[in-house]
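Please find one structure pasted underneath; my questions will follow.
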Amino acid sequence: MSVLIVIPARYASTRYPGKPLVPLTGATGEARTLVERSWRAACSVQGVDRVVVATDDDRIRQAAEAFGAEVVMTSETCGNGTERCAEAHAALGGGYEIVVNLQGDAPLTPHWFVEDLVAGLRAAPGMGLATPVLRCNGETLNSLLADRKAGRVGGTTSVFAADHSALYFSKEVVPYCGQTYGDGENTPVFHHVGVYAYRPDALAAYPDWETGPLERLEGLEQLRFLENGRKVLCVEVEARGREFWELNNPEDVPRLEAMMKKMGLE
């Protein structure tokens, strides 16, 4: 099955304007922009036919072309990354059997997260969309709780049924658990990894649906699928010793840089 990875990159973020062009310094001391690091992560995934950056901003286009990325220009009216992926796929003439949305704020996404995600969707023909979830250890759970206590929007959590179909996604920490966990202990909370794999029909249908109240309240694009009765497959992935975090706020920059240095990522 042919696979396209799209990296949606928007300059005019309300919470963090210019985020795709924020430099992040790795273990060797070299600074690379967030969008370049996300593109490099995408290019490391096996079994992918094409990787493109989708943007509506010339500054991002110029930066992406400078480090060798293929760029698809999309409209300013795209409300989120899924809409931008749908437009980019159409602009490329369609034809891909799986379209992966590797969001431009997740440069620490290991290649096996995406490979396992694509394999999970292939194995579930009744699903139009799949997304990875990562079981939190105590350290990650405490980081999520600390962000919420400080009034910051940190990572997203997910709860799902026995068949791994999503029940809900939230920027709050769900499910509630009153227990305290040690840093290395497993917890019942799953961190949602901001990557999606779509079948083309599900992706093409998405922009025509109205934004629902849950998507509007949470600011989570994947809730539009649930609000329209579409199942979302949650594919559990393994960290394999790698740390994972998204760049959501300026305060996350030193956190990501410290993680890259600790893991020896250039």
Side-chain angles (χ1 to χ4, degrees), residues 1-10 20 24 26 32-55 60-61 63-74 78 80-125 127-134 192-204 206 221-222 225 232-240 242 244 246-247 260 263 265-266:
M1 298 176 81
S2 55
V3 179
L4 167 71
I5 294 183
V6 180
I7 302 169
R10 184 169 67 103
L24 293 171
R32 294 190 176 103
T33 62
L34 179 62
V35 68
E36 180 175 358
R37 291 192 176 279
S38 298
W39 176 77
R40 286 174 174 264
C43 291
S44 72
V45 178
Q46 297 295 308
V48 171
D49 297 276
R50 195 172 186 179
V51 176
V52 301
V53 173
T55 188
I60 295 173
R61 176 186 60 77
E65 288 178 344
F67 60 71
E70 179 182 1
V71 178
V72 177
M73 295 302 292
T74 51
C78 292
N80 56 43
T82 300
E83 291 185 10
R84 201 172 298 282
C85 286
E87 190 172 309
H89 184 236
L92 292 170
Y96 290 91
E97 295 169 280
I98 292 179
V99 180
V100 175
N101 172 353
L102 179 62
Q103 305 210 65
D105 57 5
L108 300 188
T109 306
H111 62 86
W112 62 86
F113 279 20
V114 183
E115 291 159 2
D116 289 351
L117 175 66
V118 170
L121 185 59
R122 282 177 171 158
M127 293 285 189
L129 165 69
T131 193
V133 292
L134 179 65
H192 173 241
V193 180
V195 185
Y196 305 95
Y198 318 93
R199 297 191 191 279
D201 57 338
L203 181 60
Y206 182 92
E221 64 201 88
Q222 67 270 34
F225 286 96
V232 177
L233 177 66
C234 291
V235 177
E236 187 174 353
V237 293
E238 298 291 336
R240 302 187 195 174
R242 281 279 293 270
F244 175 80
E246 302 103 338
L247 182 58
M260 288 190 291
M263 294 184 287
L265 300 178
E266 295 182 1

Item to check | CD/Glu65: more than 12 non-hydrogen atoms of other groups inside 6.0 Å | outcome: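 Yes, enclosed.
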
Checklist entry - Any side-chain heavy atom of Leu92 within less than 4.5 Å of one from Glu70? => result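 Yes, at least one pair of side-chain atoms sits under 4.5 Å.
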
Item to check | From CD (Gln103) to CG (Asn80), nearest 0.5 Å | outcome: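 The CD atom of Gln103 sits 8.5 Å away from the CG atom of Asn80.
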
Item to check | Interatomic distance, Arg32 atom CZ to Leu24 atom CG [nearest 0.5 angstrom] | outcome: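 The CZ atom of Arg32 sits 11.0 Å away from the CG atom of Leu24.
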
Item to check | Modelled atom types, side-chain donor and acceptor of Thr82 and Glu221, under 3.5 Å | outcome: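 Indeed, the side chains of Thr82 and Glu221 share at least one donor-acceptor pair under 3.5 Å.
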
Item to check | Approximate separation, where rounding is to 0.5 Å, of Ile7 CD1 and Arg40 CZ | outcome: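 Answer rounded to 0.5 Å: 11.5 Å.
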
Next on the checklist: Any heavy-atom pair between the side chains of Pro20 and Thr33 that's under 4.5 Å?
Outcome noted: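 No; the side chains remain at least 4.5 Å from each other.
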
Next on the checklist: Show the nearest heavy-atom pair for residues Pro200 and Tyr96, with the distance to one decimal.
Outcome noted: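 The answer is CG-O, 2.9 Å.
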
Item to check | Taking every non-hydrogen atom, the tightest pair across Gly120 and Leu233 | outcome: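 Closest heavy-atom pair between Gly120 and Leu233: O-CD2, 3.6 Å.
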
Checklist entry - Going by heavy atoms in the side chains, are Val99 and Val6 under 4.5 Å from each other? => result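 SC-SC contact between Val99 and Val6 confirmed.
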
Checklist entry - How many angstroms lie between atom CG of Leu129 and atom CD1 of Ile98, to the nearest 0.5 angstrom? => result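 Rounded to the nearest 0.5 Å, the CG-CD1 separation comes out at 11.5 Å.
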
Item to check | Ring geometry between His192 and Tyr196 (parallel below 30°, tilted from 30 to 60°, perpendicular above 60°) | outcome: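 Answer is tilted, since the angle falls between 30° and 60°.
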
Next on the checklist: Minimum heavy-atom separation for Ala54 and Ala88, please, with both atom names.
Outcome noted: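 So the two residues come closest at CB-CB, 4.0 Å.
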
Item to check | side-chain hydrogen bond (donor to acceptor under 3.5 Å, both in side chains) partners of residues 112-121, not counting sequence neighbours, each pair once | outcome: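 Output for this query lists His111-Glu115.
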
Checklist entry - With a 4.5 Å heavy-atom cut-off, do Val3 and Val48 have their side chains touching? => result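 SC-SC contact between Val3 and Val48 confirmed.
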
Checklist entry - Side-chain contact, heavy-atom cut-off 4.5 Å: Arg240 with Pro110? => result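 With C-beta onward as the side chain, the pair stays apart.
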
Checklist entry - Does the pair Thr109 and Val114 meet the rule for a side-chain contact (heavy atoms from CB on, under 4.5 Å), with working shown? => result CA-CA 8 Å; Thr109 306; Val114 183; 4.1 Å; yes

Next on the checklist: Please check: side-chain N/O of Glu97 versus main-chain N/O of Ser2, any donor-acceptor pairing under 3.5 Å?
Outcome noted: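 Yes, because the side chain of Glu97 sits within donor-acceptor range (under 3.5 Å) of the backbone of Ser2.
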
Checklist entry - Where is the tightest heavy-atom contact between Phe225 and Ala202, given as atom of each residue plus distance? => result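 Smallest heavy-atom distance, with atoms named: CE2-O, 3.9 Å.
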
Checklist entry - Looking at Leu134 and Ala239, what are the two nearest heavy atoms and their distance? => result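 Nearest heavy atoms, Leu134 then Ala239: CD1-N, 3.7 Å.
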
Item to check | Shortest non-hydrogen separation from Ser38 to Leu102 and the atoms involved | outcome: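 Answer, listing the atom of Ser38 first, then Leu102: O-CD2, 3.6 Å.
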
Item to check | Interatomic spacing from CZ in Arg242 to CG in Leu108 - rounded to 0.5 Å | outcome: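 Rounded to the nearest 0.5 Å, the CZ-CG separation comes out at 6.5 Å.
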
Checklist entry - Just by modelled atom types, is the Ala9 backbone N or O under 3.5 Å from a matching donor or acceptor in the Thr55 side chain? => result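 At least one qualifying donor-acceptor pair exists.
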
Next on the checklist: Using side-chain heavy atoms (C-beta onward) and a distance below 4.5 Å, is Arg199 in contact with Leu121?
Outcome noted: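 In short, these two side chains touch, coming nearer than 4.5 Å.
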
Next on the checklist: Quick check: do Leu203 and His89 have side-chain heavy atoms less than 4.5 Å from each other?
Outcome noted: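 With C-beta onward as the side chain, the pair touches.
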
Next on the checklist: To the nearest 0.5 Å, what is the distance between CG on Leu4 and CZ on Arg50?
Outcome noted: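 Reported to 0.5 Å precision, the distance equals 7.0 Å.
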
